[in-house]
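Heads up: the structure comes next, in structure tokens.
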Amino acid sequence: MRIITYIEYMKIISLNLNGIRSASSKGMFEWLETACPDVLCVQELKAQPEQIDVLAFQGLGYTHQLVHSAQKKGYSGTAIFSKQKPDYYAIGIGNEFFDAEGRVIRADFGDVTVVCVYIPSGTTGDVRQAAKMQFLELFLEYLKKLRAERPNLSVCGDFNICHKPIDINHPERHKTSSGFLPEEREWFDRLVEAGFVDTFREFNQEPNQYSWWSYMGGARAKNVGWRIDYHVVTEALKPRLKQAVIEQQVVLSDHCPVGIELA
């Protein structure tokens with residue numbers, strides 16, 4: 001019988017790297033040494049396991065590494081790096097197509113389950129937008145089933161969706177843009193109705209709080225961005241939520257880190 005321990009404190013940071021090798025060259029390990037999360041969840045690895053600097057992570061205390069690379073080289077992929085050994089982990093959501101793209105990793109630490117997700121982008125056309133919508137439905141069902149088994153869920157990653165007008169620059173300009181489509185936002189509504197909490201908005205209701213900026217036209221300097229990187233937690237875990245932040249000052253990719261602390 002599995003013994004489940006109560007987690008007294010956990011700091012989790014999520015970051016879309018836009019390529020782990022690129023982020024490493026921009027000071028990722030120096031940043032990680034200072035940020036010092038217990039669990040680091042990353043998306044868009046764009047690397048195979050043998051291309052990841054395992055020794056550098058180990059040198060900072062991240063002795064446990066779960067990597068879910070896409071079959072297609074230089075594409076997608078997720079990973080979880082942790083200082084504590086997970087009690088259990090699982091790769092994928094049980095869908096052959098999306099699992100081949102390296103979209104989801106689950107890791108259990110005591111009574112808390114961390115899910116790292118990289119939701120597909122639909123910006124390249126109708127085919128990928130349809131695939132994104134299919135993934136969203138599968139992922140929501142996956143989360144509901146997992147919550148029945150593990151009530152304390154922390155789900156983080158690049159959702160590629162701005163939920164509310166406050167989460168995007170000039171929302172009136174993006175009504176037909178993938179990432180702010182009515183059907184995508186309605187899916188996020190259903191995620192919340194299913195009992196998941198947008199942690200950042202529990203602490204911060206201010207506008208212009210973005211996590212991604214285009215590389216084009218100085219968008220980051222002008223703070224013309226999108227908030228598409230999230231931590232959502234189940235209602236059961238909400239009382240233990242102590243902080244949720246967007247680290248806009250950190251420049252390692254076109255995204256910035258988003259973090260939470262549980263106690």
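Judged purely by distance below 3.5 Å, without hydrogens or angles, the side chains of Gln43 and Ser14 pair a donor atom with an acceptor atom. Side chains of Asp189 and His163: a donor on one and an acceptor on the other come within 3.5 Å. For the 3.5 Å distance criterion, the side chains of Asn152 and Asp111 qualify, holding a donor opposite an acceptor. One side chain, Gln129 or Ser178, offers a donor N or O that lies under 3.5 Å from an acceptor on the other.
Side-chain contact between Leu191 and Phe159 is present, with at least one heavy-atom pair separated by less than 4.5 Å. For the pair Arg240/Val112, a side-chain contact is recorded, criterion being any heavy-atom separation below 4.5 Å from C-beta on. Proximity of Glu44 to Leu17: side-chain heavy atoms (C-beta onward) are nowhere separated by under 4.5 Å. Taking 4.5 Å as the limit, every side-chain heavy atom of Asp198 sits out of range of all side-chain heavy atoms of Val192. In this structure, Ser69 and Pro49 have side chains that are in contact, with non-hydrogen atoms separated by less than 4.5 Å. Counting heavy atoms from C-beta outward, Glu261 and Asp38 have side chains that stay 4.5 Å or more apart. Side-chain contact between Leu136 and Ile119: present, with at least one pair of heavy atoms (C-beta onward) separated by less than 4.5 Å. Within the 4.5 Å cutoff, the side chain of Val114 has no heavy atoms near those of the Arg106 side chain.
When hydrophobic clusters are built by joining Ile, Leu, Val, Met, Phe, Trp and Tyr residues whose side-chain heavy atoms come closer than 4.5 Å, directly or via intermediates, Val115 is not grouped with Leu66. Note: the hydrophobic cluster containing Ile246 does not contain Val117 (ILVMFWY, side chain heavy atoms under 4.5 Å, direct or indirect links). Linking ILVMFWY side-chain heavy atoms closer than 4.5 Å, directly or via other members, places Trp187 and Val104 in a single hydrophobic cluster. Follow the hydrophobic side-chain contacts under 4.5 Å out from Ile12 and you reach Phe203 in the same cluster. One hydrophobic cluster, built from ILVMFWY side chains closer than 4.5 Å, holds both Met10 and Ile260.
Classification of the Trp212-Trp226 ring pair by plane angle, with boundaries at 30° and 60°, yields perpendicular.
Pairs of residues two or more places apart, or lying in two chains, that qualify as ring-ring contact (aromatic ring centres under 6.0 Å, His included) and include a residue from residues 62-94 are Phe57-Phe81. Sorted pairs that involve residues 34-53 and meet ring-ring contact (aromatic ring centres under 6.0 Å, His included), not counting sequence neighbours, are lacking altogether. Sequence neighbours left out, the pairs with a member in residues 111-151 that pass ring-ring contact (aromatic ring centres under 6.0 Å, His included) are Phe98-Phe135, Phe135-Phe139, Phe139-Tyr142.
No side-chain donor-acceptor contact under 3.5 Å links Tyr210 to the backbone of Asn223. Formation of a donor-acceptor pair under 3.5 Å by the Gln209 side chain with backbone atoms of Pro207 is found in this model. In terms of modelled atom types and a separation under 3.5 Å, the side chain of Glu184 and the main chain of Gly179 share a donor-acceptor contact. Not one N or O on the side chain of Ser22 forms a donor-acceptor pair closer than 3.5 Å with the backbone of Gly19. Of the possible donor and acceptor atoms, none in the side chain of Lys72 sits under 3.5 Å from a partner among the backbone N and O of Ala100.
Taking OG1 from Thr199 and CG from Leu237, the interatomic distance works out to 10.0 Å, rounded to the nearest 0.5 Å. A distance of 11.0 Å separates CG of Leu140 from NZ of Lys145, quoted to the nearest 0.5 Å. How far CZ of Arg103 is from CZ of Phe97: 8.5 Å, rounded to the nearest 0.5 Å. Here CG of Leu40 is found 11.0 Å from NZ of Lys11. Values are rounded to the nearest 0.5 Å. Between the NZ atom of Lys164 and the CZ atom of Arg185 there is a distance of 7.0 Å, given to the nearest 0.5 Å. Rounding to the nearest 0.5 Å gives a distance of 6.5 Å between OG1 of Thr234 and CZ of Phe196.
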Subject >> Step-by-step side chain to side chain contact (heavy atoms under 4.5 Å, CB included) determination, Thr123 to Arg128 >> reply: CA-CA 7 Å; Thr123 57; Arg128 285 305 295 178; over 6 Å; no

**OP:** List the steps and the verdict of side chain to side chain contact (heavy atoms under 4.5 Å, CB included) for Thr78 and Val42.
**Re:** CA-CA 6 Å; Thr78 51; Val42 300; over 6 Å; no

**OP:** Could you walk me through whether Ile7 and Leu262 pass side chain to side chain contact (heavy atoms under 4.5 Å, CB included), step by step?
**Re:** CA-CA 9 Å; Ile7 296 295; Leu262 301 172; over 6 Å; no

**OP:** Would you sort out whether Ile228 and Asp158 count as a side chain to side chain contact (heavy atoms under 4.5 Å, CB included), showing the intermediate values?
**Re:** CA-CA 6 Å; Ile228 57 177; Asp158 179 356; 3.7 Å; yes

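Residue-environment remark: CD (Gln51) exceeds the threshold of 12 foreign heavy atoms within 6.0 Å. The 12-atom threshold is exceeded at CD of Glu235, counting heavy atoms of other residues, nucleotides or ligands nearer than 6.0 Å. Within a 6.0 Å sphere centred on CD of Glu8, heavy atoms belonging to other residues, nucleotides or ligands number 12 at most.
Judged by a 6.0 Å distance limit and a 45° cone about the ring axis, Arg227 is not positioned over the six-membered ring of Phe200.
For the side chain to side chain donor-acceptor pair (under 3.5 Å) with Asn18, the lone residue among Lys46, Lys26, His255 that qualifies is Lys46. The only option from Ile13, Leu252, Leu15 that meets the side-chain contact (heavy atoms from CB on, under 4.5 Å) definition with Glu247 turns out to be Ile13.
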Enumerate donor-acceptor pairs with a distance under 3.5 Å from any side-chain N or O in residues 169-177 to protein atoms, sequence neighbours excluded.
| residue | atom | partner | partner atom | Å |
| --- | --- | --- | --- | --- |
| Asn169 | ND2 | Gly225 | O | 2.9 |
| His174 | NE2 | Asn169 | O | 3.2 |

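In this structure, Asp167 pairs ionically with Arg201, as a charged nitrogen and a carboxylate oxygen lie closer than 4.0 Å. A salt bridge is absent between Glu183 and Arg190; no separation between the charged side-chain nitrogens and carboxylate oxygens falls under 4.0 Å. Ion pair Lys85/Asp108 not flagged as a salt bridge, since none of the NZ, NE, NH1 or NH2 atoms sits closer than 4.0 Å to an Asp/Glu carboxylate oxygen.
Nearest heavy-atom pair across Val39 and Ser82 is CG2-CB, 4.2 Å. For Cys256 against Trp213, the heavy-atom pair with the smallest separation is SG-CH2, 3.8 Å. When all heavy atoms of Val258 and His231 are compared, the pair lying nearest together is O-NE2, 3.0 Å. Nearest heavy atoms, Arg220 versus Val250: NH2-O, 2.7 Å. The two residues Glu101 and Ser76 come nearest to each other via the heavy atoms O-OG, 2.7 Å. Heavy-atom minimum distance, Glu33 versus Cys36: O-CB, 3.9 Å.
By the side-chain contact (heavy atoms from CB on, under 4.5 Å) test, Glu30 pairs with no residue at all, sequence neighbours left out. Here Lys238 pairs with Glu202 under the salt bridge (charged side-chain N to carboxylate O under 4.0 Å, His left out) rule; sequence neighbours left out.
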